[in-house]
Number of protein chains: 2
Amino acid sequence: MVRTSKAAQTSQSKAIEKPTEEFIYTELYNTICERQLLPKTKLGEAMLAEHYGVSRTIIRQVLQRLAGDRLVKLEPNRGAFVAHLTLKEAQQIYEAWRLVEAAIIREVVKTITPEQIASLRKLITAERKACDAEDYPLLTRLSMQFHTQLANLCSNQFLSRFLKEVIPQTALAYFYEVKKMPVCMKDEHGEILDLIESGDEEAAVAAAKRHLDGIEAALNAQASLDQQASLVDKLKLRVSSLS
Amino acid sequence: MVRTSKAAQTSQSKAIEKPTEEFIYTELYNTICERQLLPKTKLGEAMLAEHYGVSRTIIRQVLQRLAGDRLVKLEPNRGAFVAHLTLKEAQQIYEAWRLVEAAIIREVVKTITPEQIASLRKLITAERKACDAEDYPLLTRLSMQFHTQLANLCSNQFLSRFLKEVIPQTALAYFYEVKKMPVCMKDEHGEILDLIESGDEEAAVAAAKRHLDGIEAALNAQASLDQQASLVDKLKLRVSSLS
DNA sequence: CGCACCAAGCTTGTATACAATACCTGTATA
DNA sequence: TATACAGGTATTGTATACAAGCTTGGTGCG
């Protein structure tokens, strides 16, 4: 059982406190977003229950919540799996993202405060650091956070919620390990933020569009590699069945 | 226990089949959308479990799913309640709706087939019938169905899913009984469909915008009545506490 | 050799028992 | 009379036991 309490816990019978449902949910949520858990991975209830030292009841609730976020797919009588996106679905996601991101930026340009800009800049600095350190899980999370934090500045909680639900799903678009999630390239977040600060609505929207287009283009490039990998997998399977 | 099987069931011990989770979910979902269950209504687990003749386990799953749809609010250690929207939130919903509805119509205009148009017209006929029969719960559901079915024609499942999640939530905007949900007025759905059929993108989008503006205006008008009703409630409470 | 079938084991689905928490009512006191 | 507290009641939260279903590996037959 994993120990979750913050303190070091003096080894001795000190009553290990159980992780809350919220904690387990957040951990799995982040792990999937960071692509530590790849799409199609099976999430067995008994396995998770033992790992966290809670009953299956809790795990089931967590899996249901993640299914609501579309990060997990529940198959009746078969269990829970990390969800995955086809290339077509991924393209749809980016199209929806562009639409809503533009609407949000148009509003945010008019209402953003210096404090909010400073907060976003801090995030960009952290991104750059993670990029230099080649800590790609962290970078992935920070990149998403830039967009979700931007969405949060929108007064329309339904639009911002939509983005906050859609963005994590982009992590489900690759079946195979990728060294670098193509969010973050160069310093596009910084460029977008500069334009937002300058108050130039159309330029900021255009930059955001280019940014998302770029991510999607990288996705398309990756897709052919994925197909190749998929083919290799199938061949391996066929070979192993010969032995 | 409520009997859910379709057949008449020959009274005698014929083994009453239990309603599935899906059935209970759909029933509660529709009931909330139709405003048979008003916002803030408490949804007790034991009560529902007995009513449907299943264990609380099933009911909890249903309530969690409904919470994922934002139709139900779960309060820790206090239970589940039909969710409700403030006036401000309702206005945000309509703004988001307008944005996405426009995007969807722009695409649907270009791809809709005669069969799809016929299917939507059938729905409009049913609406008119329900309106004449003054069956407002049915009318409410049919009106929503017009919009969700239109959304379904969009090739982008993420945009259509967004609308399908947002539309039911508009039912949560009134605390007090209203004779007539202000979706459907006159024959606006018919007008929108005609314009879509004609292929005039901008006119169809404009008509849809007007339609949603109209609904929102009716909401704002209702809001002051609600406030009044709310005041009456508070007075009643104060009076009853005097006895 | 290949395919179909069957049984054991494992995983998920459901009900229930018990624990923890919140709510309500009645009583005592200022 | 109003308020604060305490006990009992009702409701939700969690764990566990059992039922139902899928998966898999083996066996037999074509």
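Below, read A as the first sequence line, B as the second, and so on, with proteins coming before strands; counting in each chain starts at 1.
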Phosphate OP1/OP2 of C:dC10: any A:Lys42 side-chain N/O under 4.0 Å: no
Lys/Arg-Asp/Glu bridge criterion (N-O < 4.0 Å) met for A:Glu127, A:Arg141: no
Rounded to the nearest Å, what distance is computed from the [atom1] atom of residue [X] to the [atom2] atom of nucleotide [N]?
X: B:Glu75; N: D:dG13; atom1: CD; atom2: P; result: 11 Å
X: A:Leu48; N: C:dT11; atom1: CG; atom2: P; result: 12 Å
X: B:Leu43; N: D:dT12; atom1: CG; atom2: C1'; result: 14 Å

Chi angles and distances behind the side-chain hydrogen bond (donor to acceptor under 3.5 Å, both in side chains) call for B:Tyr136, B:Glu34: CA-CA 8 Å; B:Tyr136 294 117; B:Glu34 293 168 6; over 6 Å; no
Side-chain donor-acceptor contact under 3.5 Å, B:Glu107 with B:Ser155: yes
Short side-chain donor-acceptor distance under 3.5 Å, B:Gln61 and B:Tyr25: no
Contacts of B:Glu165 that satisfy side-chain contact (heavy atoms from CB on, under 4.5 Å) - sequence neighbours left out: A:Arg70, A:Glu165, B:Arg161
Parallel, tilted or perpendicular, as decided by the 30° and 60° cut-offs, for the rings of B:Phe162 and A:Phe162: tilted
Heavy-atom closest pair, residues A:Ala103 and B:Leu99: CB-CD2, 3.7 Å
Check: protein-nucleotides 23-25 of chain D nitrogen or oxygen pairs below 3.5 Å:
residue: D:dT23; atom: OP1; partner: A:Arg78; partner atom: NE; Å: 2.3

Intermediate values then yes/no, side chain to side chain contact (heavy atoms under 4.5 Å, CB included), B:Trp97 and A:Phe158: CA-CA 9 Å; B:Trp97 188 352; A:Phe158 296 90; over 6 Å; no
Polar-atom pairs under 3.5 Å, protein N or O versus N or O of nucleotides 14-21 of chain C: list them with distances, or write none.
residue: C:dA15; atom: OP1; partner: B:Lys18; partner atom: NZ; Å: 2.1
residue: C:dA15; atom: OP2; partner: B:Ser55; partner atom: N; Å: 3.2
residue: C:dA15; atom: OP2; partner: B:Ser55; partner atom: OG; Å: 2.8
residue: C:dA15; atom: N7; partner: B:Thr57; partner atom: OG1; Å: 2.7

